[in-house]
Amino acid sequence: MSQTDNATATSPAKSDFIRDMIAEDLQQGRNDGWVVTRFPPEPNGYLHIGHAKSICLNFGLALENAPKARCHLRFDDTNPIKEDTEYVESIMEDVKWLGFDWGQHLFYASDYFEKLYEFAEQLITKGLAYVCDLSPDQVREYRGTLTEPGKNSPWRDRSVEENLELFRKMRAGEFADGSRILRAKIDMAHPNITMRDPAMYRIMRAHHHRTGDAWCIYPMYDYAHPLSDALESITHSLCTLEFEDHRPFYEWLIANVNGLPGSPYQREFARLNLNYTVMSKRKLLRLVKENHVNGWDDPRMPTISGFRRRGYTPESIRHFCSTIGLTKFKGVTDYAVLEHCIRDDLNKRALRASAVLRPIKVVIENYGADRVEELEFPNNPEDPNAGVRMVPMCNEIYIDADDFMEEPVDGFHRLAPGREVRLKMAFCIICKEVVKNADGSIKELICTYDESTRHGKKPEGRPKPKGIIHWVSARHAVDAEVRLYDRLFTVESPDAGDEDFLQFLNSASLEIVAAKVEPSLAIAGAGARYQFERVGYFYVDPKDSVLGRPVFNRTVTLKDSWAKVAAK
RNA sequence: UACCUCGUGGUGUAACGGUAACACAGGAGAUUUUGGAUCUCUUAUUCAAGGUUCGAAUCCUUGCGAGGUAGCCA
């Protein structure tokens with residue numbers, strides 16, 4: 001249960017427009033039959049479920065097309081002011097946890113800084129790039145607008161020699177930050193703004209997490225990415241839709257730079273959107289920095305580390321990613337699909353246990369005050385191989401507050417004064433009396449049990465109880481902290497309107513309860529997953545749980561058709 | 001009256017000129033020592049208008065709608 005299975009090529013590989021395209025390439029014999037992809041995160045934040053889609057795609061393609069296929073992990077670390085090794089480490093951990101392996105193919109765009117610099121000189125030499133002295137404001141002004149063409153920079157026609165000299169001085173640190181850029185010389189009237197002499201290098205004195213202070217000029221993504229792809233002989237560079245407009249520049253670079261080992265092409269797919277959450281790194285960063293959640297791995301976060309700590313399995317996330325498909329349509333996937341995937345997985349694998357989240361004490365007056373017995377429970381009714389365990393019973397038990405109603409509404413099948421229910425895997429009890437505290441709250445329930453109703457036998461002379469409830473022995477129960485997580489936002493699209501998405505934060509997204517759990521759970525190991533019967537799936541918190549005093553995170557509730565009826 | 005992309009049940013996807021299907025969600029029932037799970041049944045779909053064709057979700061035209069793009073971010 002705790003070990004993770006790596007992804008395999010046998011995972012369902014449905015067809016989609018990307019796979020169709022690759023099949024066509026293979027059929028045409030392009031790239032000598034190789035499929036080389038890459039997952040290129042910038043190490044400026046933690047990976048989220050949207051990245052999982054890209055990881056499953058890129059690494060999945062490598063698996064599906066083996067042996068002439070591979071997927072690289074490449075850190076796109078071209079903007080040092082935002083990047084950090086903490087993020088590099090978390091990204092590697094998350095990719096591995098998802099079940100993927102980059103093998104020897106770990107790269108950094110910063111590894112190519114020298115090469116990239118040489119390519120820039122090459123473009124200058126060809127008259128395809130120039131140093132521009134315009135200020136950022138002027139660059140914007142000269143660029144034109146969406147509907148009007150731009151105009152040429154006054155520095156556009158410098159000689160090759162002058163450009164070369166200036167660019168070398170840029171590298172040598174002779175100019176102030178932001179004072180000059182190297183631009184491609186394309187077309188300032190191009191209808192696609194990306195092609196209006198895009199910036200390739202900027203001057204930025206920032207400490208880089210890998211190259212330190214070796215550089216004071218850094219390449220732009222649009223320049224570095226295509227060339228990095230080519231240097232690694234990537235064949236298919238797959239990215240999200242917002243880069244579609246950048247494709248012509250990608251192709252321009254591949255066509256105009258000589259000495260590239262590969263000739264990749266870029267295609268774009270729609271990023272994942274999930275309702276009831278936010279997915280942008282900026283917003284996630286804000287949730288963390290402003291302490292709306294407890295760090296990147298808070299179980300309410302849509303980060304991979306958040307889902308991991310919530311108790312999701314890598315298999316369930318991979319299954320989710322294959323379920324949602326791959327298109328260019330920007331849709332919003334229902335969170336229920338993700339929940340279905342984790343329930344489906346855990347139903348088959350999670351051991352069952354009894355836990356009472358909001359305990360009410362029940363005294364079984366005819367049971368015998370000193371009597372204790374051990375009852376046999378299946379560990380997983382879905383899996384006979386999971387075996388059985390013994391669970392103690394005595395005359396005092398806890399049941400869940402949800403399973404008792406002093407004045408039962410229509411359709412309520414559980415315990416109420418004068419009513420009978422079955423205690424799961426034990427016997428039936430009838431509620432004789434409700435004992436109250438001075439403040440009117442329930443102190444305990446006095447019940448009687450019927451010895452003849454064991455092993456599923458129905459009571460004689462009375463109707464068969466419709467309700468079966470879970471319980472734990474009060475004298476044997478273990479105290480546990482249970483963290484009940486719910487969706488982080490109250491609305492489907494927290495970031496849709498002009499309003500601040502934080503105002504839609506769900507104030508009830510975390511409820512911590514003091515639960516009573518069956519004794520076998522005292523030694524629940526970090527990372528173990530259980531189904532608390534009739535309640536949901538729970539994960540032993542890897543950071544806060546200790547032996548004897550376990551902490552459980554609710555991964556997802558069980559489907560509860562009564563709750564749905566009761567809500568009406 | 002810029003450029004690019006996308007429009008199939010409530011949601012996400014499939015159908016690659018030949019009976020519009022799958023999953024989730026919703027509804028009904030069966031079953032059940034989890035109101036779970038499982039099983040059965042069910043509601044509901046091609047943005048619009050023209051055109052091509054024996055036949056169009058698919059090809060063409062036009063329109064409409066949605067989104068992206070004016071960082072020295074990625």
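Each chain gets a letter, A, B and so on, in the order the sequences are listed, and its residues count up from 1. Just so it is clear, the model here is predicted, and its values are computed rather than measured.
A salt bridge (Lys or Arg N to Asp or Glu O under 4.0 Å) with D197(A) holds for exactly one of K185(A), R143(A), R156(A); it is R156(A). Just one residue in the list R414(A), R422(A), R358(A) forms a salt bridge (Lys or Arg N to Asp or Glu O under 4.0 Å) with D403(A), and that residue is R414(A).
For the pair K466(A) NZ and G35(B) P, the interatomic distance rounds to 13 Å; values are reported in whole Å. Taking atom NE2 on H246(A) and atom P on G68(B), their separation rounds to 13 Å, with Å as the unit. To the nearest angstrom, C1' of U69(B) lies 12 Å from NE2 of H190(A). The separation between D334(A) atom CG and G9(B) atom P is 15 Å, rounded to whole Å. Following rounding to the nearest Å, F167(A) (CZ) and C72(B) (C1') show an atom-to-atom distance of 13 Å. U34(B) atom C1' lies 13 Å from atom CG of L423(A), rounded to whole Å. Rounded to whole angstrom, the span from the CD1 atom of I468(A) across to the C1' atom of U33(B) amounts to 4 Å. Spacing between atom NZ of K464(A) and atom C1' of G35(B) amounts to 13 Å, rounded to whole angstrom units.
The base of C3(B) lies outside donor-acceptor range of the side chain of D245(A), with no N or O pair under 3.5 Å. The base of G35(B) does not come close enough to the side chain of D560(A) for any donor and acceptor atom to sit less than 3.5 Å apart. Judged by atom type and distance alone, E242(A) does not reach the base of U69(B) through any side-chain donor-acceptor pair under 3.5 Å. A donor N or O paired with an acceptor N or O is found under 3.5 Å between the base of G36(B) and the side-chain atoms of E382(A). No N or O donor and acceptor, one from the side chain of R343(A) and one from the base of G36(B), sit under 3.5 Å apart.
Using a 4.0 Å heavy-atom cutoff across all strands shown, D20(A) reaches at least one base atom of the nucleic acid. In this structure, F243(A) reaches the bases: a heavy-atom distance under 4.0 Å links it to at least one base atom across the strands shown. Within the nucleic acid shown, T327(A) comes within 4.0 Å of sugar-phosphate atoms alone, with no base atom in reach, counting heavy atoms only. Heavy atoms of E42(A) sit under 4.0 angstrom from primed sugar atoms or phosphate atoms, though from no base atom. Across all strands, G467(A) comes closer than 4.0 Å to no nucleic acid atom at all (heavy-atom distances). Residue contacts shown for E148(A) are absent, as no nucleic acid heavy atom lies under 4.0 Å away. Within 4.0 Å (heavy atoms only), V565(A) reaches no atom of the nucleic acid at all. Among the heavy atoms of the strands lying under 4.0 Å from H455(A) is at least one base atom, whether or not backbone atoms are also near. Among the protein residues, F532(A) comes within range of no part of the nucleic acid, since none of its heavy atoms lies under 4.0 Å from any strand. Within the 4.0 angstrom heavy-atom criterion, base atoms lie near P381(A). Residue G456(A) is in base contact, counting any heavy-atom pair closer than 4.0 Å across all strands shown.
Contact check on R168(A) versus E174(A) returns no salt bridge, with no Lys/Arg side-chain nitrogen under 4.0 Å from an Asp/Glu carboxylate oxygen. A salt bridge between R19(A) and E64(A) is present, with a side-chain N of the basic residue lying under 4.0 Å from a carboxylate O of the acidic one.
Using cut-offs of 30° and 60° for the angle between ring planes, the W296(A) and Y46(A) rings count as parallel. Ring geometry, H51(A) versus F39(A): the interplanar angle exceeds 60°, so the pair is classed perpendicular (tilted spans 30 to 60°).
When each of Y537(A) and T145(A) is assigned the nucleotide of RNA chain B with its nearest heavy atom, Y537(A) is the one assigned upstream, toward the 5' end. Take the nearest nucleotide of RNA chain B for N347(A) and for D77(A): the residue whose nucleotide is more 5' is N347(A).
A donor-acceptor contact under 3.5 angstrom links the side chains of D20(A) and S15(A), judged on distance only.
Between G9(B) and U42(B), the distance separating the two C1' atoms is 14 Å to the nearest Å. When the C1' atom is compared between G27(B) and U33(B), the two are found 27 Å apart, to the nearest whole Å. Rounded to the nearest Å, the gap between the C1' atom of U46(B) and that of A14(B) is 12 Å. Separation of the P atoms belonging to A15(B) and U61(B) is 23 Å when rounded to the nearest angstrom. Taking atom C1' on both nucleotides, G12(B) is separated from G29(B) by 27 Å, rounded to a whole Å.
Applying the 4.0 Å criterion to OP1 and OP2 of C24(B), one finds that T333(A) has every side-chain N and O outside that range. Distances shown here put every side-chain N or O of K82(A) at or beyond 4.0 Å from the OP1 or OP2 atom of A74(B). In terms of phosphate contacts, K330(A) brings no side-chain nitrogen or oxygen within less than 4.0 Å of OP1 or OP2 of G12(B). One finds a side-chain N or O of R202(A) lying less than 4.0 angstrom from the OP1 or OP2 phosphate oxygen of A74(B). Dashed line: the shortest gap from a side-chain N or O of T323(A) to OP1 or OP2 of G12(B) is not under 4.0 Å.
An aromatic stack links H413(A) and the base of G35(B), using centre distance under 5.5 Å and interplanar angle under 30°. Look at Y221(A) and the base of A74(B); the rings do not stack under the cut-offs of 5.5 Å between centres and 30° between planes.
Listed nucleotides: C73(B), A70(B), U33(B). Nearest to the side chain of R422(A): U33(B). Relative to the side chain of P191(A), the nucleotides A2(B), G12(B), U34(B) differ in distance, and A2(B) lies closest.
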Original post:
Once Watson-Crick and G-U wobble pairs under 3.5 Å are found, how is RNA chain B written in dot-bracket notation, 5' to 3', with | for any base paired to another strand?
Top reply: .((((((..((((....[..)))).(((((.......)))))....(((((..]....))))))))))).....

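Under the 6.0 Å distance and 45° angle rule, R210(A) counts as a cation-pi partner of Y108(A). Figure legend: cation-pi geometry between R171(A) and Y117(A), with NZ or CZ positioned under 6.0 Å from the six-membered ring centre and within 45° of its axis.
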Original post:
Would Y221(A) and F243(A) count as a ring pair (Phe, Tyr, Trp, His ring centres under 6.0 Å) if you check the C-alpha gap in whole Å, the side-chain angles of each, and the deciding distance to 0.1 Å?
Top reply: CA-CA 11 Å; Y221(A) 166 88; F243(A) 295 104; 4.9 Å; yes

